[in-house]
Protein chains: 2
Amino acid sequence: MTLTQLRVFVAVARHEHMTRAAESLHLAQSAASAAITALEAEHGVQLFDRVGRCIRLSAVGHAFLPDACAVLEGADRASAKLRGVDRKTRLDARETC
Amino acid sequence: MTLTQLRVFVAVARHEHMTRAAESLHLAQSAASAAITALEAEHGVQLFDRVGRCIRLSAVGHAFLPDACAVLEGADRASAKLRGVDRKTRLDARETC
DNA sequence: CGGGCTTACGGTGTGCGTAAATATC
DNA sequence: GATATTTACGCACACCGTAAGCCCG
């Protein structure tokens, strides 16, 4: 499982539309489809119900969405903090090894 | 930033020893070193102070460690939940699209 | 037919391991 | 000289985009 796969999953879940989700991530549809397929295969789970042209969250996918969002938010927050804390503690690097 | 890089970071931070950290992750030292370098370069930050053969967390790295752990725990928890919830809701897949 | 997801396919990039170089004790 | 990290290098795998295939309105 990668952060990229989670991002794709959340985007598709929100848009309920693979093409739009892919566009919102500046990705080709095939890449988004592959990411979802890989995520599903890795866990042996079906995240979406493909009924006709309609692609909607399955029960499992619905249960997973909040967790995926939480992980992504945590990662983004950590990344931002890492950049932000940079300048603050840059001159504080006195170490006693 | 990838989950793999975070895993390497946490392992090195815990072991304070690149070789042991790499072994604990079943990786070559070079791979671990590259992961840390990439993580540092991506954020323009120095996570570790390399003084002699001693490699220890810098101030920035110390501040980042809890966040990295939180992200990893969240990801692992989400992954485990996804596997665990599988059997429970597998037969509940009746959808009305 | 038309829109939408999937599969096939080729290219590029990234990550990994082996091995050599560098540095410290 | 031994131990530990970094750098160099080559390879394999994975990701992405283009394009064709398939299915449902």
Side-chain angles (χ1 to χ4, degrees), chain A residues 1-58 60-62 65 68 72 75 79 93 95-97, chain B residues 1-58 60-61 68 71-72 75 79 93-97:
Chain A
M1 185 176 72
T2 67
L3 293 174
T4 299
Q5 289 170 354
L6 293 182
R7 268 183 253 275
V8 174
F9 167 70
V10 171
V12 175
R14 292 227 167 109
H15 288 79
E16 289 188 343
H17 197 292
M18 183 84 70
T19 303
R20 307 289 173 81
E23 283 175 359
S24 74
L25 297 170
H26 307 289
L27 248 62
Q29 294 95 338
S30 66
S33 179
I36 297 297
T37 300
L39 193 57
E40 289 178 328
E42 181 182 346
H43 297 81
V45 173
Q46 189 172 355
L47 274 341
F48 293 95
D49 288 324
R50 284 87 154 174
V51 44
R53 65 204 304 166
C54 187
I55 180 170
R56 302 185 61 176
L57 277 172
S58 69
V60 176
H62 195 73
L65 182 55
L72 288 178
S79 183
E95 268 289 81
T96 59
C97 181
Chain B
M1 184 176 72
T2 67
L3 292 174
T4 299
Q5 288 170 354
L6 293 183
R7 267 183 254 274
V8 174
F9 168 71
V10 171
V12 175
R14 292 229 166 107
H15 288 80
E16 289 188 342
H17 197 290
M18 184 83 72
T19 304
R20 306 289 172 81
E23 283 175 357
S24 75
L25 297 170
H26 308 290
L27 246 61
Q29 294 95 339
S30 66
S33 180
I36 298 296
T37 300
L39 193 58
E40 289 178 328
E42 181 182 347
H43 297 81
V45 173
Q46 190 172 354
L47 275 342
F48 292 95
D49 288 323
R50 285 87 154 175
V51 43
R53 63 206 305 168
C54 187
I55 181 170
R56 302 185 62 176
L57 278 172
S58 69
V60 176
V71 172
L72 288 177
S79 185
R94 48 178 177 271
E95 269 289 84
T96 60
C97 182

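Only this structure's heavy atoms are used, side chains among them; waters, hydrogens and symmetry mates stay out. Within every chain, numbering begins at 1; the chains are lettered A, B, ... in the order of the sequence lines, protein sequences first and strands thereafter.
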Side-chain N or O of A:R50 closer than 4.0 Å to phosphate OP1/OP2 of C:dT6: yes
Inter-residue atom distance A:L57.CG - A:L47.CG, 0.5 Å rounding: 7.5 Å
Whole-Å gap separating P (D:dC15) and CZ (A:R7): 15 Å
Spacing between B:L39 atom CG and D:dT6 atom P, to the nearest angstrom: 13 Å
Crowding at CZ, A:R50 (>12 non-hydrogen neighbours, <6.0 Å): yes
Reported CE-to-CZ distance for the pair B:M18 and B:R53, which is rounded to 0.5 angstrom: 14.0 Å
Closest to the A:T19 side chain, choosing from C:dT6, C:dG4, D:dT5: C:dG4
Distances under 3.5 Å between protein N/O atoms and the N/O atoms of nucleotides 17-21 of chain C, please, pair by pair.
unit_1 : atom_1 : unit_2 : atom_2 : d
C:dG17 : OP2    : B:A28  : N      : 2.8
C:dG17 : N7     : B:S30  : OG     : 3.3
C:dT18 : O4     : B:S30  : OG     : 3.2

Spacing of B:E23 atom CD relative to C:dC16 atom C1', expressed in whole Å: 16 Å
Value in whole Å for how far the P atom of C:dT7 lies from CD1 of A:I36: 13 Å
5' precedence on DNA chain C between A:R53 and A:T37 (nearest-nucleotide basis): A:R53
Distance in Å, A:L6 CG paired with A:L65 CG, rounded so as to fall on 0.5 Å steps: 10.5 Å
Residue pair B:E42 / B:Q5, side-chain heavy-atom distance below 4.5 Å: yes
d(NE2, B:H15; P, D:dT5) in whole Å: 12 Å
Full working for side-chain contact (heavy atoms from CB on, under 4.5 Å) between B:Q46 and B:V60: CA-CA 7 Å; B:Q46 190 172 354; B:V60 176; over 6 Å; no
Interatomic distance, A:M18 CE vs C:dG4 P [rounded to whole Å]: 12 Å
A:Q29 side, atom CD; A:R20 side, atom CZ - distance, nearest 0.5 Å: 11.0 Å
Atom-pair distance (CD on B:E40; P on D:dT6), nearest Å: 8 Å
d(CZ, B:F48; P, D:dT6) in whole Å: 10 Å
